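Note on naming: letters A, B, ... go to the chains in the order of the sequence lines (proteins, then strands), and numbering restarts at 1 for each one. All of these numbers come straight from a predicted model, not from anything done at the bench. Basis for what follows: all heavy atoms, side chains included, without hydrogens, waters or symmetry-related copies.
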Amino acid sequence: MKRVLAFLRRRRDESRARTDGGSTESRSTARRWLDNDFVRSAPFWGPPFLLMGFFVYAAIGWNFLLSLTDYTGFGGADYSSLDFENYRRLFEDPAIWEATRNTFVLLVVFTITCLLIGLGLAILLDRQVRFGRGFRTIYLLPFALSFIVTAQFWRWMYNVNDGIVNQFVGIFGIGPYNWLGNPQIVLGAVIFALVWQFSGYTMVIYLAALRSIPTDQYEASRVDGASTLRMYRRVIIPQLRPAMVSASVTLVLFALKAFDFLYAVFGGYRPRQGADILATKMVREAFGQSQWAYGSAIAIALFVLSLAVIAPYLYNQYTRGNL
Amino acid sequence: MSERSVSVGDETSDETTTAFDLRRIGLYATMLGLVVFYLLPIESGLVTSIKTSEALINTQPFAPPGPAGVTLEKWQFAFDTLWSGMINSMLFTIPATLLCAVLGSMAAYGLTLVDWRGQVAVFALFIAGIFIPYQAVIVPLTQFWSQYAMLEMRLGLLLSARSATLLELIITHTAYGIPICTLLFRSQYKTMSWEMIEAARLDGATVWRIYKRIVLPLSIPMFAVVFIFQFTQIWNEFLFSLTIIGSVSDPAASATLILSGLGEALEGVDYPLRMAGAFITALPTLVVYLLFADEFAEGVEV
Amino acid sequence: MAHTKLDTVTKVFTEDDGSEIIAVDEVSIDIDDGEFLVLVGPSGCGKSTTLRMIAGLESITSGTISLDDRVINNIPAKDRDIAMVFQSYALYPHMTVRENMSFGLEESTDMGDDEIRTRVEETAEMMGIERLLERKPGELSGGQQQRVALGRSIVRDPAVFLMDEPLSNLDAKLRSSMRTELQRIQDELGVTTVYVTHDQTEAMTMGDRIAILDGGVLQQVATPLECYHRPENQFVAGFIGDPSMNFFDMRLEGERLAGEGFEYPLSSDITGKLDDSPVVLGIRPEDIELIDGTGGDHEYAAEVLVVEPMGNENNVHLRIGDTRFIATVNGMRRITEGETVTIRLPEKAIHVFDRETGEALHNRRLDEELAEPPV
Amino acid sequence: MAHTKLDTVTKVFTEDDGSEIIAVDEVSIDIDDGEFLVLVGPSGCGKSTTLRMIAGLESITSGTISLDDRVINNIPAKDRDIAMVFQSYALYPHMTVRENMSFGLEESTDMGDDEIRTRVEETAEMMGIERLLERKPGELSGGQQQRVALGRSIVRDPAVFLMDEPLSNLDAKLRSSMRTELQRIQDELGVTTVYVTHDQTEAMTMGDRIAILDGGVLQQVATPLECYHRPENQFVAGFIGDPSMNFFDMRLEGERLAGEGFEYPLSSDITGKLDDSPVVLGIRPEDIELIDGTGGDHEYAAEVLVVEPMGNENNVHLRIGDTRFIATVNGMRRITEGETVTIRLPEKAIHVFDRETGEALHNRRLDEELAEPPV
Amino acid sequence: LSGGEGGSGGGGDGNTLEILHGWTGGDGKEAADALFGAFEEEYPDIDLDENPIGGGGNQTLDQTVANRLQSNDPPSSFAGWPGANLQQYEGVLGDIEEDVWNEANLKDAHAPEAVEACQFDDGFSAVPIGSHRMNDLFYNVEVVEQAGVDPSSLTDVNALIDAFDAVNTQTEATPFAMSLAPWSILQTWAVTMLGTQGFEAYTNFIEGNGDEAAVRATFETLGQMLENYINADAASVDFTEVNQRIMSGDAAFIHQGNWVAGAYINEGLEYGTEWDAVRFPGTDGMYGLHIDSFIYPGENPSPEETATFMRFAGGETAQVQFNQYKGSIPTRQEVPTDEFNAYLTDTIEDFQNATEKPPTLAHGLAVPQSTQSELEGVLNQNFADPFDVDAATQGFMDTV
Ligand SMILES: Nc1ncnc2c1ncn2[C@@H]1O[C@H](COP(=O)(O)OP(=O)(O)OP(=O)(O)O)[C@@H](O)[C@H]1O
Ligand SMILES: Nc1ncnc2c1ncn2[C@@H]1O[C@H](COP(=O)(O)OP(=O)(O)OP(=O)(O)O)[C@@H](O)[C@H]1O
Ligand SMILES: [Mg+2]
Ligand SMILES: [Mg+2]
């Protein structure tokens with residue numbers, strides 16, 4: 001950074017010096033260069049970009065490099081022999097496939113449920129209710145809490161003997177279930193808790209989109225003879241697509257980060273069978289077993305997965321001119 | 001909220017009064033049911049946290065204990081355990097929040113209100129940064145801090161081990177917070193009048209002066225939003241705490257990290273203690289959230 | 001096609017803080033079957049609110065609105081058989097033009113798909129948008145969107161058309177061509193139409209009658225020329241016409257009106273209508289004559305402040321004493337700023353209003369030909 | 001106060017997809033010291049781009065812009081000593097009026113605080129906004145904001161004033177009063193001013209000269225009346241004036257122009273200028289006379305399609321054969337739709353344009369008085 | 001050495017003795033306090049920085065140790081399991097055979113199994129501090145009596161299963177209290193194998209020559225127990241939580257390391273009348289060996305002091321002080337037992353007399369940490385309700 005500045009200064013001084021008798025041609029190019037918006041804006045976005053770029057992009061590159069080593073245990077990685085061994089292992093590890101499957105189930109079910117519930121909440125709130133703000137605050141409240149905190153609540157909620165969830169299903173004469181213990185239902189239970197935490201978030205996104213739809217649209221469809229239900233179905237909801245897309249992307253990424261929740265609910269790196277996802281598997285391999293290289297390979301898989309979501313989204317945003 | 005005319009939502013004019021009332025009642029009943037759904041886990045945690053072990057066994061999990069069954073002992077204990085973590089969390093959350101906001105605002109300004117080719121590409125890199133799963137960088141990150149930066153060793157004379165760890169956390173959280181802050185600020189700057197910026201240029205102001213005198217004062221409301229949102233995010237973060245701090249007993253351990261190990265003892269899982277701990281840990285974010293619900297929601301919306 | 005009647009319709013909005021806004025105040029209008037009624041007035045006077053009450057988008061605080069003698073106060077919007085064109089067009093952005101136009105038919109009738117298709121295509125042809133049917137609104141120009149919005153209303157063949165400043169988002173040239181087109185279509189369909197605008201030209205040229213609102217109160221309902229030449233009060237006189245009518249504060253002193261800087265002798269048939277309360281003398285810019293001689297009864301020397309040449313005519317800003325006013329004269333006439341000219345304010349062209357109530361005490365005389373204003 | 005010169009200035013925008021848009025195409029205008037130049041043209045014709053190049057907000061692709069013979073192409077905006085008033089006013093919302101007005105002085109000069117204060121207060125007084133100095137822009141009405149925006153430019157005492165549709169956000173009545181005020185101020189200060197508008201009235205009344213752009217190409221630079229009466233081409237003729245000039249497609253056949261439905265005999269001084277390529281005959285609506293007799297040389301029977309009464313005048317839509325056109329006649333004249341009237345198209349009022357190039361082959365004759373159009 | 005001491009010592013003169021361990025609460029804390037208290041008393045000049053790191057079992061301790069070793073900032077010593085567990089620290093451990101083992105003459109004083117466990121890379125890298133017994137079956141006396149079962153008569157696992165049935169029919173209590181945490185299943189699996197297949201089959205297995213039939217049979221037996229006799233919430237509770245049910249009389253039997261005895265004693269329950277323990281059926285005469293030790297990193301920031309501490313830890317004072325509170329027993333062979341409670345005294349006696357001391361599978365002695373973790377993974381995947389014998393057997397055979 002310093003060197004760049006010094007260079008700039010020198011450059012400027014040179015051009016100044018030349019003004020006395022120097023050619024106007026070079027003076028104006030230098031000047032133009034200095035006045036160039038790119039150069040002038042660089043001090044603003046440059047430092048944040050470098051900081052962020054190092055920690056995000058350099059780190060991902062580094063991570064990829066690590067995944068090619070056979071780095072385990074202590075000491076440093078040996079970068080001299082690189083191969084794709086860890087990726088082969090990745091493909092052969094049945095636990096990875098299971099984690100991948102769980103990750104997908106989590107992503108899809110969680111995202112869709114959140115979208116549906118969030119939409120419902122948003123429509124309810126959009127209907128001019130009194131205390132709408134208060135309701136919104138309450139519905140969004142869980143989102144403000146840490147995964148670690150909400151995990152404590154849900155451990156208690158899901159408690160087999162005293163948990164409220166079992167008491168509730170007990171009303172209908174079923175259960176008790178071992179929500180966090182039964183491999184068949186543990187993922188569902190986790191998703192439910194996550195939906196509890198994030199549906200308010202989805203609601204807020206939808207609400208903003210709903211409110212940006214001009215009143216005219218509602219009125220036009222009413223005058224056109226549509227009932228409230230039909231109005232939402234045919235006129236309003238289709239217009240929420242962009243909100244849905246951006247909410248889904250964020251939800252998917254929240255789901256990919258559900259590590260915190262699983263860690264806290266299961267009290268460690270190893271979630272209950274049926275609830276292991278790539279994120280937990282990755283941290284477990286790397287930090288639990290010191291299988292750094294292998295962990296890095298899983299991390300790359302996770303990164304590719306999220307890229308598959310982000311890239312189309314970014315491209316879409318770009319073509320819509322939202323960037 | 002108030003712009004849309006009343007009739008859009010509730011069909012005042014078109015339903016007969018009773019039908020309308022029934023509808024409204026149904027609507028409010030649904031909304032209240034949802035309130036129960038969203039608050040129950042929290043409420044149940046709250047009442048549990050003040051129960052004696054007697055009351056814990058004898059009362060419903062969501063019911064408050066009788067006066068005899070109330071004890072603040074768990075809160076006391078949780079507070080004692082978490083206290084240092086709360087301080088640590090504050091120590092890295094607040095500086096990181098401020099740094100994120102300032103750097104994010106600068107980046108957004110450089111990428112929005114100064115017009116140059118290719119800024120979309122740079123901005124896309126910022127945006128993508130928001131969505132990077134932390135797992136994808138966590139190994140190099142911990143390697144970087146523990147084997148390459150080694151602040152604790154290099155700055156050993158200036159910093160205690162605790163401060164070194166906190167500094168690592170501040171830098172880490174700042175770096176990963178910049179993208180979202182940039183996005184938030186940019187969304188505001190994009191709505192800022194381009195003509196106004198040009199007017200300032202014609203008025204003779206340089207890029208820096210425009211930032212200082214026009215853009216910065218106008219982004220104060222957005223700073224509030226970013227502070228609130230980012231504070232919550234950083235406070236609530238866990239993975240960095242887990243990997244960079246590593247140990248619950250580290251003098252730099254954050255509140256979330258300590259909470260994750262709270263209440264596990266040979267004698268059994270102490271739910272009231274865990275709940276009390278959860279509330280204490282959540283307290284700062286809860287306060288911020290309840291005081292600034294609107295700003296928070298605004299931060300989320302973008 | 002329906003006779004629409006507003007009977008002492010009032011709309012009161014209650015604000016969040018409990019204060020009340022009377023947006024529409026006991027308005028009664030009888031709109032004939034097939035009539036084209038233009039609703040004008042300054043911003044915030046209640047035009048949109050009136051329209052929205054007719055549409056059923058706003059509840060009615062008191063009074064009744066009836067369609068062909070059926071009171072529709074409590075009929076929901078979707079069952080009123082009324083179509084509305086919004087200022088913003090309110091096209092559904094995610095639907096093609098065809099879908100936009102079909103929507104109302106699908107929702108409010110039980111027509112078959114084929115029938116809907118035929119009807120939409122016929123209407124589209126009539127509106128000249130048959131080539132746009134598969135496009136989305138975002139891909140259309142302002143004028144085309146406008147046409148689609150109109151087409152969407154027309155295709156439903158409603159009993160009443162409501163339009164809220166439908167042309168205000170178009171540029172000047174397009175606006176004037178759409179104006180004639182709208183008239184043509186309304187003429188062809190013969191549907192009762194209520195049209196809100198704040199554009200002078202639209203108000204004057206489009207409607208069978210104009211209803212002028214101010215502060216929620218109906219000021220006058222009459223043909224455009226009646227409003228122009230026989231305003232019922234000063235508000236209407238000032239509102240209709242561009243440049244506005246010139247007003248002079250005066251007071252009757254014997255046989256003459258005395259104001260600041262000049263006096264105006266009146267003939268007895270006018271003085272007869274006045275007492276000695278303060279009045280306002282009104283005269284339209286185009287009725288002020290620039291003459292060569294001096295000294296006549298209603299002739300005055302005036303200083304030329306500014307001349308605005310408009311090509312076909314000049315707006316001349318004049319001053320007598322401290323009173324400023326505007327005269328419109330032929331564009332070919334050469335006038336230089338600063339010179340003093342003689343003007344004549346012909347008695348047959350003046351209006352006199354009560355200064356307190358604004359009520360018209362005397363309106364101009366018209367040539368015989370216009371004694372009964374043309375329809 | 002500076003002589004501003006645009007010499008074959010061109011601006012090309014390169015789109016993201018590589019395509020090029022020529023926004024301004026070799027425009028050369030010489031703007032005199034103290035002159036008020038109005039830039040008009042349809043939307044997208046390059047008006048704003050031209051202005052922004054003068055301001056230094058947009059780079060110049062080729063050509064030069066000079067201020068008092070100094071080429072300013074490469075001087076950054078902030079050093080050009082140019083003030084600009086934007087359509088949106090672009091006031092700094094977080095600063096009071098005083099701060100808004102001081103900002104430019106603080107940034108671009110090294111005046112002391114006291115000097116700035118005095119200067120701001122003087123200017124505020126001149127603009128009649130001295131009482132608003134401590135308010136924020138949000139607390140001002142549109143007209144007041146407009147005044148502040150102007151004041152902010154004036155206080156800097158720039159060499160050139162640029163204004164981009166500064167009045168377009170005001171309502172009609174306010175617009176016309178600000179129009180006169182702006183003229184007064186420019187007159188008083190005598191600062192070279194370039195004013196962009198698409199409003200007919202502003203173009204005609206405000207400028208010393210009008211520059212008319214179309215598709216980035218300069219069409220004509222002349223006084224308003226010259227543009228009105230002696231347009232250099234059909235575009236200018238059609239663009240200036242409302243309602244627009246009527247055009248008839250014709251072809252010279254011997255001594256007469258022959259078009260669809262009617263023929264127009266010409267005197268030899270006009271035919272001399274024409275050859276047998278297709279031409280367009282133009283006549284302004286107000287030049288068409290409705291007469292009683294029939295049969296004269298330039299007299300035709302026409303059917304009345306629509307009469308738009310505007311109060312002071314009527315726009316009469318007429319038809320001869322399939323050719324439609326508009327005549328403006330006195331508002332007091334009674335004409336009914338559907339009747340047939342006799343019109344006269346006086347030869348002295350006609351324009352003839354080349355149909356291919358649009359170039360004016362013949363312009364109307366003017367009365368002696370106007371032979372040299374008034375300044 | 002270079003600057004390795006910048007660490008948590010806070011800039012001492014290189015002699016700070018920093019010891020990481022995970023005994024943060026309950027009896028662990030008492031034991032640590034006693035141990036370090038005694039050390040400080042004996043060596044008041046040494047600047048001791050004991051650094052307890054709690055949370056998640058030993059997970060965070062291991063994590064911290066790993067971090068410190070990773071960043072070349074090792075502590076003086078840290079608590080951990082010896083045996084195969086040491087393999088993960090390949091390359092970062094130092095040799096203390098001379099300075100500690102020989103000098104303090106520990107090789108003779110400690111049980112040969114403990115001595116062996118501390119050997120690493122042709123030398124010694126750890127010092128044992130105490131041992132828990134891993135083949136106990138604890139029970140609530142009252143519940144068992146109510147069910148009409150005599151635990152001491154349970155000679156094989158089938159008898160145990162019969163006893164479970166009796167509990168089921170005679171009482172409300174859960175027959176077998178269990179947490180399905182993977183390590184807990186692994187430990188139960190190991191003891192089941194010892195009980196049903198014998199010491200040799202077990203040894204073969206951990207040495208990598210496992211007999212599939214034996215493994216399968218173990219799984220079948222274990223499956224039978226877990227499927228029918230454990231608490232419904234086993235999968236989501238911790239062993240501490242289920243252990244409470246033994247104390248409250250809601251469950252009859254539990255298999256755990258004998259650290260649970262500490263909880264009974266702390267709760268004031270009477271050994272022999274309220275709770276009691278027998279060897280897991282079929283393991284009579286064996287001592288399921290578990291060892292806690294202090295491990296010695298190379299590049300040691302305070303070699304002198306560490307050696308002093310290590311010698312102390314292997315000595316009688318330390319072993320008595322520590323174990324009496326920890327609920328474990330010294331690995332030294334001849335220690336006075338008067339400081340120990342009745343249960344531990346019995347245990348010490350059994351330790352001396354045991355014919356076989358199979359190393360624990362779930363606590364680092366038998367297999368390296370990565371193998372142990374993989375085994376736990378297999379169990380978590382296949383044998384934590386539902387109980388898939390085939391897959392689990394396959395997984396175990398593939399892993400070891
Ligand atoms: N939903 C509402 N709540 C409160 N006041 C309202 C509401 N809608 C309109 N008003 C008020 O009623 C009055 C009339 O409004 P209306 O929209 O009918 O005016 P308008 O004549 O259409 O004006 P414009 O020309 O600006 O469209 C205004 O004072 C307005 O502020
Ligand atoms: N930054 C830009 N990038 C690409 N094209 C541009 C840009 N700015 C203007 N243009 C194009 O240049 C042409 C002239 O635009 P300009 O804004 O000068 O028109 P205008 O005459 O001011 O129109 P209006 O009356 O609508 O303001 C238009 O075709 C416009 O699309
Ligand atoms: Mg309106
Ligand atoms: Mg423009």
Worksheet item: For C:E107 and A:R234, what are the C-alpha separation, side-chain angles and deciding distance, and is it a side chain to side chain contact (heavy atoms under 4.5 Å, CB included)?
Response: CA-CA 10 Å; C:E107 293 298 325; A:R234 293 201 55 191; 3.2 Å; yes

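- By the 4.5 Å heavy-atom criterion applied to side chains, A:Q239 and C:H94 are counted as neighbours.
- Heavy atoms of A:R241 lying under 4.5 Å from chain C are absent altogether.
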- Query: Given the rule in the side chain to side chain contact (heavy atoms under 4.5 Å, CB included) test, do C:F103 and A:V235 qualify, once you have shown the distances and angles that lead to the verdict?
  - Reply: CA-CA 9 Å; C:F103 184 80; A:V235 177; 3.4 Å; yes

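- Partners of A:D216 by side-chain hydrogen bond (donor to acceptor under 3.5 Å, both in side chains), not counting sequence neighbours, listed by chain and number: C:S88.
- Proximity to chain A is limited to the side chain of C:E106, based on heavy atoms less than 4.5 angstrom apart.
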Go through it in stages, so that I can follow the logic: the residues are A:E219 and C:R52, the test is side chain to side chain contact (heavy atoms under 4.5 Å, CB included), and I'd like the CA-CA distance, side-chain angles, deciding distance and then a yes or no.
CA-CA 9 Å; A:E219 300 188 335; C:R52 292 161 51 79; 2.4 Å; yes

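- For chain A, no part of C:L105 is nearby; none of its heavy atoms comes within less than 4.5 Å.
- Contact of the C:F86 side chain with the A:P214 side chain is not registered, since no non-hydrogen atoms from C-beta on lie closer than 4.5 Å.
- In this structure, the side chains of A:Q217 and C:P93 come closer than 4.5 Å at one or more pairs of heavy atoms.
- Proximity to chain A among residues 120-149 of chain C is not found for any residue, judged by heavy-atom separations below 4.5 angstrom.
- At least one side-chain heavy atom of C:R152 sits less than 4.5 Å from a side-chain heavy atom of A:D224.
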